Structures are given as C-alpha cells and as structure tokens.
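Keep in mind that what you see is a predicted model, and the values were worked out from it rather than measured.
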Amino acid sequence: MSFSKTSFLLTLSLSFSLGFGNVQAADEVAPNKRPVKVIADSTIKVTTPAGSGTLPVYVSADWKIPQPGITRAVLVFHGRLRDADVYWRSAQKALNVSGDAQHTMMIVPQFLADADIPAHHLGEDFLHWQWESWMGGENANGPAALSSFDAIDAILLQLADRERFPNLKDVVIAGHSGGAQVVQRYAVVGKGEERMAKLGVHTRYVVANPSSYLYFNEERPLETASCPQFNQWKYGWPGAPAYAQAKDPAAYEAAYATRDVVYLLGMEDTNPNHPALDKICPAEVQGAYRYVRGNSYFAYMQRRHPGMATQRLVKVEGVGHDGDRMFTSPCGLSVLFGGAACRQPASR
C-alpha cells in the first residue's frame, strides 16, 4: 500500500472514530452508521467536469460487451443501511419470479459512507458520502464533488450505448425506503431520462415506501408553524444541491408531472415509531407514517395537476416496510417488469 493511500485511509478512519467518540460501544451505534458488511462486486466510473470517482454496483450481465438480448434494465436502490447485497438478492429473486431473466438486466448500485472506505481498505477513487446525504442528491465527500444524481446519470449513460444495448426499450429506476427518496428526487431533477427518450427508451420510476417526498411549494398535510425548516431541501427547494439548480422549481415540476412515476406503498407501513422512519419535523409535517405520507403526496400532485395520467399510486396489501416483499409482490413485479396490473383494494 502506498503512503498516499495509507494516509487517506487513516484520515477517514480517524474522522469516523472522532465522529462517534471512543467510549461509544459498537452496539450503541445506529445500524445505518456502521460500515457495511459487503461491497458490491463490480464498479462504474462516474465522471463530470467536477471530477471522477468509482461507484460499486451489482450487475446481472456483463455490460462491457454487447447485450443484444436485453430489452429492459431495472435499477434497484438500497435503503439507508447501504446494504446493496441484500437488495441484490431481492432483485435476483424478483427477476427469477418475473420469468423474463433472458431479456432483463438488473442493476443494484451502492452509495458508500465515509466509514466504509477504511473498513474495507478501498482505494481513494471510491465515492463516499456522509451517512445518508446521498438520499437527497448531495455531493460526495470525496474523491470529487459528485452528486448521487450524477451516479445515476452515469448508469443511464452506460445503458444509452446502442452498440452495447441495441434493443433496450425500457428502463425502470426503483428504490425502497431511503432508496426511494433518491429515486423520487431524481425523478424530479434527473437528466438521464431525456437522453433515453431520444433513443426511444421509456423510463419509469418506482418510489416504494420513502420517509419523505420533495414538495414544490409550502403546502403540507400538517401544520408547519412549529417547524421553520420544513421547506428546506430535500423536503422543499431552498438549499438544493447544484445539480438541482439547472432550472427553476416550476420547470422541474412541469416535467415531473409528465413522467411515469409509480408510488408503490405497503398498506401496513403504518408504524409512526418505526426505527428507520424520518422523524425530524420537515418529514413529520408530511404525515405520521410512510403510508399516509405517500397517499398525501399523490393527492397533492393530483390537486396541482388535474388530469395527470402518467403517475399512479399502487397499494400492496399485507406488506409493511419490507423491500423484499414489496418488490416480489404481484404489484411489485407488475410495475418493475410490466405485464397485467395487479389487483387493488377497494378502499384505504
């Protein structure tokens, strides 16, 4: 190991230790603030004028060579634990159940935290964020100021290569929990869909059980008087990262209202004290728990865009905050892989 890499890892390791204090026992550390157990086994390079970095990713086929049989690509984003290996297993299970493994490529990216780099002795080229900042499209802490949205752009750019994917027709960008937060924000501000549309590729976003949504004005389901920061990014627009400042919010909203967005909600995701639920006040004013927050947001979009036909709410009966069961349910399989619409409950 070179001196520069040793110094880099030592700096990150010291920062991680100082952040917690030396007296804090391991079992007292929140599960999302521990190094991940597994790093994805493939990578993609993310490059913009701001610099470049390496993002770990699982891919179900070799995307460095032509894949003429692939007609659909499904991206699945992990939650706040950054446990891409768990989501990879769920993605593979869903793919097998779908019966379309021959024509579908599954992709599960991994957004690493600062602490993951020294824990796994990774090189200084690997992108790393402050614990959960990637959910809102914030810039990585290193090696370059790259947004998690830039990382999604890089994956879509790879899929836009017609020499490698000459028959690609559909891209689905899906996330559960924290992953759904980054997907919903990317559905609003992301640049990749425009490129795919020029190639005749349709893009769908599947937003499953996030803790919060990006609103376009100061309207919220609950009162906001006691929460002065309720409209700050990632809940509203003030303080948005540079990536999300290419247009004004009204232009982003107009485009978002035309995009194919599925709000996939577990009907039993109703625990207001769930340990992974965002409970800070900007999230709390969106509702008491995820299921009601999702219903409220969809109703909000319908009020602002009467006749909106591109977005829909799909309810998954008997499922709470469980990414595996959400994506392998009949409704999950339907929105990820196409086919007949799933049965929806008459009420609630």
Q.
If the threshold is 4.0 Å, N to carboxylate O, is there a salt bridge linking R290 and E268?
A. no
Q.
Donor-acceptor check, side chain of R293 to backbone of S211, threshold 3.5 angstrom: yes or no?
A. yes
Q | Donor-acceptor contact present, side-chain D62 to main-chain K64, <3.5 Å | A | yes
Q. Is there side-chain contact between Y291 and N295, with heavy atoms separated by less than 4.5 Å?
A. yes
Q) Quick check, are the ring centers of H78 and H176 under 6.0 angstrom apart? A) no
Q: For Y289, check ring pair (Phe, Tyr, Trp, His ring centres under 6.0 Å) against everything at least two apart and list the hits.
A: none
Q) Can you find a side-chain donor-acceptor pair between H305 and Q311 that sits under 3.5 Å? A) no
Q) Do the side-chain N and O atoms of T203 and R195 include a donor-acceptor pair separated by under 3.5 angstrom? A) no
Under 3.5 Å, side-chain donor or acceptor atoms of residues 165-173 against the rest of the protein: list the pairs with distances, not counting sequence neighbours.
residue: N167; atom: ND2; partner: P68; partner atom: O; Å: 2.8

Q. So, do L122 and L112 sit near enough that their side-chain heavy atoms are less than 4.5 Å apart?
A. yes
Q) T258 side chain to A255 main-chain N or O, any donor-acceptor pair under 3.5 Å? A) yes
Q) Has the side chain of S60 got a donor or acceptor atom that lies under 3.5 Å from a matching backbone atom of M106? A) yes
Q) Is any side-chain heavy atom of Q110 closer than 4.5 Å to a side-chain heavy atom of Y87? A) no
Q.
If hydrophobic clusters are built by linking Ile, Leu, Val, Met, Phe, Trp and Tyr wherever their side-chain heavy atoms come under 4.5 Å apart, do M105 and I44 end up in the same one?
A. yes
Q: Please assess N271 against H321 for the test side chain to side chain donor-acceptor pair (under 3.5 Å), listing each intermediate value before the final yes or no.
A: CA-CA 9 Å; N271 181 0; H321 199 67; over 6 Å; no
Q | Intermediate values then yes/no, side-chain contact (heavy atoms from CB on, under 4.5 Å), L265 and L313 | A | CA-CA 7 Å; L265 303 181; L313 188 152; 3.8 Å; yes
Sequence neighbours excluded and cut-off under 3.5 Å, please list the side-chain donor-acceptor pairs for residues 134-146, or say none.
residue: W134; atom: NE1; partner: W131; partner atom: O; Å: 3.1
residue: N139; atom: OD1; partner: S147; partner atom: N; Å: 3.4
residue: N141; atom: ND2; partner: D114; partner atom: OD1; Å: 3.3
residue: N141; atom: ND2; partner: D114; partner atom: OD2; Å: 2.8

Q.
Within the 3.5 Å criterion, strictly below it, is a donor on Q181 or Y213 matched to an acceptor on the partner's side chain?
A. no
Q: Compare all side-chain heavy atoms of Y205 with those of R259 and state whether any distance is below 4.5 angstrom.
A: yes
Q: Find out whether the Lys NZ or Arg CZ of K191 is both under 6.0 angstrom from the six-membered ring centre of Y243 and within 45° of the ring's axis.
A: yes
Q.
What I'd like to find out is whether the side chain of V57 reaches to under 4.5 Å of the side chain of V108, using heavy atoms alone.
A. no
Q: May I have the step-by-step check of salt bridge (Lys or Arg N to Asp or Glu O under 4.0 Å) for E132 and K33, ending in yes or no?
A: CA-CA 9 Å; E132 299 176 1; K33 295 186 177 181; over 6 Å; no
Q | D248 (side chain) donor-acceptor with A251 (main chain) under 3.5 angstrom | A | yes
Q) Above 12 or not: heavy atoms from other molecules or residues under 6.0 Å from NZ of K279? A) yes
Q. Is a side-chain donor or acceptor of S98 paired with a backbone partner of D100 at a separation under 3.5 angstrom?
A. yes
Q: Give me the ring orientation class for F77 and F111: parallel if the planes are under 30° apart, tilted from 30 to 60°, perpendicular past 60°.
A: parallel
Q | Side chains of D116 and H128, donor plus acceptor under 3.5 Å | A | no
Q | Main-chain N/O of A225 paired with E223 side-chain donor or acceptor, under 3.5 Å | A | yes
Q.
With a sphere of 6.0 Å drawn around CD of Q232, does it hold more than 12 non-hydrogen atoms of other residues, nucleotides or ligands?
A. yes
Q) Can you tell if the side chain of W233 reaches within under 4.5 Å of the side chain of L214, non-hydrogen atoms only? A) yes
Q: Mark yes when over 12 heavy atoms from residues, nucleotides or ligands other than Q130 sit less than 6.0 Å from its CD; otherwise mark no.
A: no
Q | Members besides I280 in its Ile/Leu/Val/Met/Phe/Trp/Tyr cluster (side-chain heavy atoms under 4.5 Å) | A | Y235
**Q.** Beyond-backbone contact of L222 with Q286, side-chain heavy atoms, under 4.5 angstrom
**A.** no
Q. Side chain to side chain donor-acceptor pair (under 3.5 Å): which pairs involve residues 45-54, sequence neighbours left out?
A. K45-T54, T54-D125
Q. Is the closest side-chain heavy-atom distance between L127 and V46 below 4.5 Å?
A. yes
Q. Is there a donor-acceptor pair closer than 3.5 Å between any side-chain N or O of Y186 and the backbone N or O of G192?
A. yes
**Q.** Residues N231 and R220: side-chain donor-acceptor under 3.5 angstrom
**A.** yes
Only distances under 3.5 Å count here; give the side-chain donor-acceptor pairs of residues 330-337 to other protein atoms, sequence neighbours excluded, each with its distance to 0.1 Å.
residue: S334; atom: OG; partner: A340; partner atom: O; Å: 2.9

Q. Are a donor atom and an acceptor atom from the side chains of S90 and D324 found within less than 3.5 Å of each other?
A. yes
Q.
Are Y215 and W237, when compared by the centres of their aromatic rings, separated by less than 6.0 Å?
A. no
